[in-house]
Amino acid sequence: MSYNINDKGYYGEFGGAFIPEMLYPNIEELRQNYLKITAEESFQEEFHQLLKDYVGRPSPLYFAKRLSEKYNTKIYLKREDLNHTGAHKVNNTIGQILLAQRLGKTRIIAETGAGQHGVATATVCALMGIECVVYMGEVDIARQAPNVARMKMLGAKVVPALSGSRTLKDATNEAMRDWINNPVDTHYIVGSVVGPHPYPDMVARFQAVVSEEIKKQLLEKEGTENPDYLIACVGGGSNAAGTYYHYLDDTDVNIIAVEAAGKGIDTGESAATSVLGKEGIIHGSKTLLMQTGDGQITEPYSISAGLDYPGVGPMHANLYKTGRAEFISITDDEAMTAGLELSQLEGIIPAIETSHALAVFEHKTFKTEDIIVLNLSGRGDKDLQNYIEYFKL
Amino acid sequence: MNRINQKLQEDKKLLSIYFTAGYPNIDDTVTIIQNLEKSGVDMIEIGLPFSDPLADGPTIQDSSTQALKNGMTSELLFQQLKDIRKTVSIPLIIMGYFNPMLQYGVEAFCKKCQEIGIDGLIIPDLPVDVYHDEYKSTFDKYGLINVFLITPQTSEERIRYIDSVSDGFIYMVSSASTTGAKSGFGDEQEDYFTRISNMNLKNPQIVGFGIFNNDTFTQATKHAKGAIIGSAFIKYVTANGIENLENFIAPMLSK
């Protein structure tokens, strides 16, 4: 049994492409070409060259000595926070912009929640000199002003999503509507392992560079490619997909996925999809999502805008359903505390998304000899205001 | 014979109206349907509102949001429609996104439609191949026609496939757009309408998206069997209420 995607675009029973006919030609063009184009030698060469010289890969696998001492185990941090633009997101946008160019596209659209994916998209569009339009919920524009400014400075047009709840899911709807209205010249750079097939697989493949590097780096440091545990936070789930990718079928490697419990699972203000979600369809994918009994998609809550998505990617829905991954929910308070702890133990201020993953060490006891790799998916600069307000710094 | 197929055999161009159930007020559903029939409409699409209507422009989005705020659900819609066949005889189609149907249970949903006298469904985000492999037998069992969309970008091969799976009509989306575009039809649409007409498909075509007045209705039905008006009707209802619908319908049908 494989935990990776099958040839029909499904992970187990999750995935597929539940899209209106208006999007069919766009999606079909991608589906027919993404494997072929990304396998081309010239594509791989340019992709890896940019990851090396522009993004700064490979990102270090850092042994966190003081954190390990505190929790009496062996913790390695995969430093995606050191990438250009400050998170793992850029791995995917580099891949997709190269694909878009080869498909002859001259205009890029994207959705963004906290603005990280929007910035990563605006960055690669500037790099390639391609027009860029980013959809962002009106509510998010108000709370993420620095990232809005970054996108504008990079030359992107930021369009407020005014429909529905005016957050990430609505920005995604607006981007899809734009694509329906501009089917020929536009490529939609989806930011996570969500959306209709082939997006979940395509984004996972671009992010897979993370686990490819972990294998090499861990072999060097520990004499083995396989850690005992992999830990990553999951909103849509792209940093997690990259972390797990080359380990999916190595079942001696335990997988931990960390979701945002918000103010608590039972408070009505949460984003823990595995606990609160049911099977259904969101943004063209059959997966787990938070919804009413009548099938209306509900609005999640987390202090971290990057985990504030009412669904998870179909890969993760399958990892949950099959029990391949252990899902843990972390509250706002637990995450903020873990973020402060890492700052003071290791001198690394993490993104609040990543802080959720770090809070696992208070939740679960590991053996002294366990080797754990945690994806430090982003840096905390963008969250400084949140940390300041929370800790009254 | 299904009422849709009967209607399609009539020797006239058909006008179909879409409205969002539960809008403007929660209890307007039955009145709107009755008034539309009285106004001379040939077929009605009852929109089941969804929180995230991907294929729709602002007008239908806003009416859906309001309808949900008003408390519309699948169950409530079925309750409102339970006696509809005592007063209304034209074909009735439910149009909605797939997730609410999936949560209701596809078979239970279809069964309920049959009991009420619904003739067909339009589910924009249920792909034709998934329908064919997983749900067609259920739709057939309950005598429901499922209607598929084609667009100017749909390939000839795919149109032929959709035609082979369809047994009512094909919903021809007029241009690459979400609902409610209002720019009129140019040469590009004329070419597309002619191209599809020349394919001699077994299913008649009904054009939707971008039809809002007599001109666009006439252009759309020059080759096609009929046309669907949605956003323009919702705007009319928003401004004028649900009583004198013939003021909206009659000008569409005048030659």
Side-chain angles (χ1 to χ4, degrees), chain A residues 8-10 13 15-29 161-166 168-186 195-197 278-287 289-299 310-311, chain B residues 48-58 60-62 64-65 68 71-77 96-105 109 122-131 133-134 148-155 158-159 162 170-173 175-181 209:
Chain A
K8 291 208 157 105
Y10 283 81
E13 63 198 88
F18 293 80
I19 45 164
E21 190 63 29
M22 293 79 99
L23 282 175
Y24 181 83
N26 313 30
I27 294 294
E28 185 60 12
E29 180 184 33
L162 303 173
S163 60
S165 52
R166 306 176 180 204
L168 175 58
K169 87 177 167 70
D170 310 289
T172 308
N173 292 337
E174 288 305 327
M176 287 192 167
R177 288 179 187 125
D178 180 309
W179 212 18
I180 287 173
N181 285 283
N182 299 284
V184 179
D185 64 346
T186 299
H197 177 66
K278 269 181 61 189
E279 289 169 30
I281 289 164
I282 181 169
H283 297 137
S285 181
K286 187 185 265 188
T287 186
L289 63 134
M290 291 167 57
Q291 52 185 314
T292 66
D294 193 46
Q296 309 296 339
I297 299 173
T298 54
E299 193 54 26
Chain B
L48 179 62
F50 182 48
S51 55
D52 295 75
L54 272 186
D56 288 301
I60 293 180
Q61 284 172 42
D62 291 348
S64 301
T65 304
L68 292 172
M72 185 48 73
T73 64
S74 305
E75 191 58 56
L76 180 59
L77 179 61
Y97 289 81
F98 193 39
N99 197 50
M101 294 176 199
L102 207 52
Q103 299 313 316
Y104 195 89
F109 197 97
I122 304 175
I123 312 165
D125 59 342
L126 175 61
V128 59
D129 48 340
V130 177
Y131 167 77
D133 294 348
E134 294 181 37
F148 292 101
L149 278 56
I150 62 170
T151 80
Q153 273 73 40
T154 310
S155 69
R158 188 165 169 84
I159 292 173
I162 286 171
I170 288 175
Y171 190 135
M172 232 172 110
V173 176
S175 58
S177 75
T178 44
T179 54
F209 290 41

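Per chain, numbering begins at 1; letters A, B, ... match sequence-line order.
- Annotation: maximal heavy-atom pairing with chain B below 4.5 Å, among A:M176, A:R177, A:K286, occurs at A:R177.
- Contact of B:P58 with chain A is not made at all, since no heavy-atom distance falls under 4.5 Å.
- Of the atoms belonging to A:I180, heavy atoms from both backbone and side chain fall under 4.5 Å from chain B.
- Interface remark: of the candidates B:V173, B:T65, B:D62, B:T151, B:T151 forms the most heavy-atom pairs closer than 4.5 Å to chain A.
- Interface residue A:L289: only side-chain heavy atoms are found under 4.5 Å from chain B.
- Using a 4.5 Å cut-off between heavy atoms, B:Y104 does not touch chain A at all.
- In terms of modelled atom types and a separation under 3.5 Å, the side chain of B:N99 and the main chain of A:I281 share a donor-acceptor contact.
- Between chain B and the residues A:E174, A:H283, A:K169, the most heavy-atom pairs under 4.5 angstrom are made by A:K169.
- Between B:Q153 and A:P25, the closest heavy-atom pair is CB-CG, 3.5 Å.
- Contact annotation for B:Y131: neither backbone nor side-chain heavy atoms come within less than 4.5 Å of a heavy atom of chain A.
- Test A:D170, A:N173, A:I297 against B:S51 for side-chain contact (heavy atoms from CB on, under 4.5 Å) and you get one pass: A:I297.
- With a 4.5 Å cut-off on non-hydrogen atoms, A:Y24 touches chain B through its side chain but not through its backbone.
- To the nearest 0.5 Å, atoms CD1 (B:I150) and CE (A:M22) are separated by 12.0 Å.
- No salt bridge links A:E28 with B:R158; every basic N to acidic carboxylate O contact stays at or beyond 4.0 Å.
- To the nearest 0.5 Å, atoms NZ (A:K278) and CG (B:L102) are separated by 9.0 Å.
- Summarising the geometry, atom CD belonging to A:Q296 is positioned 9.0 Å from atom OG1 belonging to B:T73; distances are rounded to the nearest 0.5 Å.
- Across B:L68, B:I162, B:V128, B:I123, the residue that shares the most heavy-atom pairs under 4.5 angstrom with chain A is B:L68.
- Side chain of A:E21 to backbone of B:P127: no donor-acceptor contact under 3.5 angstrom is found.
- Take A:D294 and apply the salt bridge (Lys or Arg N to Asp or Glu O under 4.0 Å) test, not counting sequence neighbours, and it matches no residue.
- Heavy atoms only, all atoms of each residue included: A:G295 and B:Q103 are closest at CA-CG, 3.4 Å.
- Counting heavy-atom pairs closer than 4.5 Å to chain A, the top residue among B:S64, B:S175, B:A55 is B:A55.
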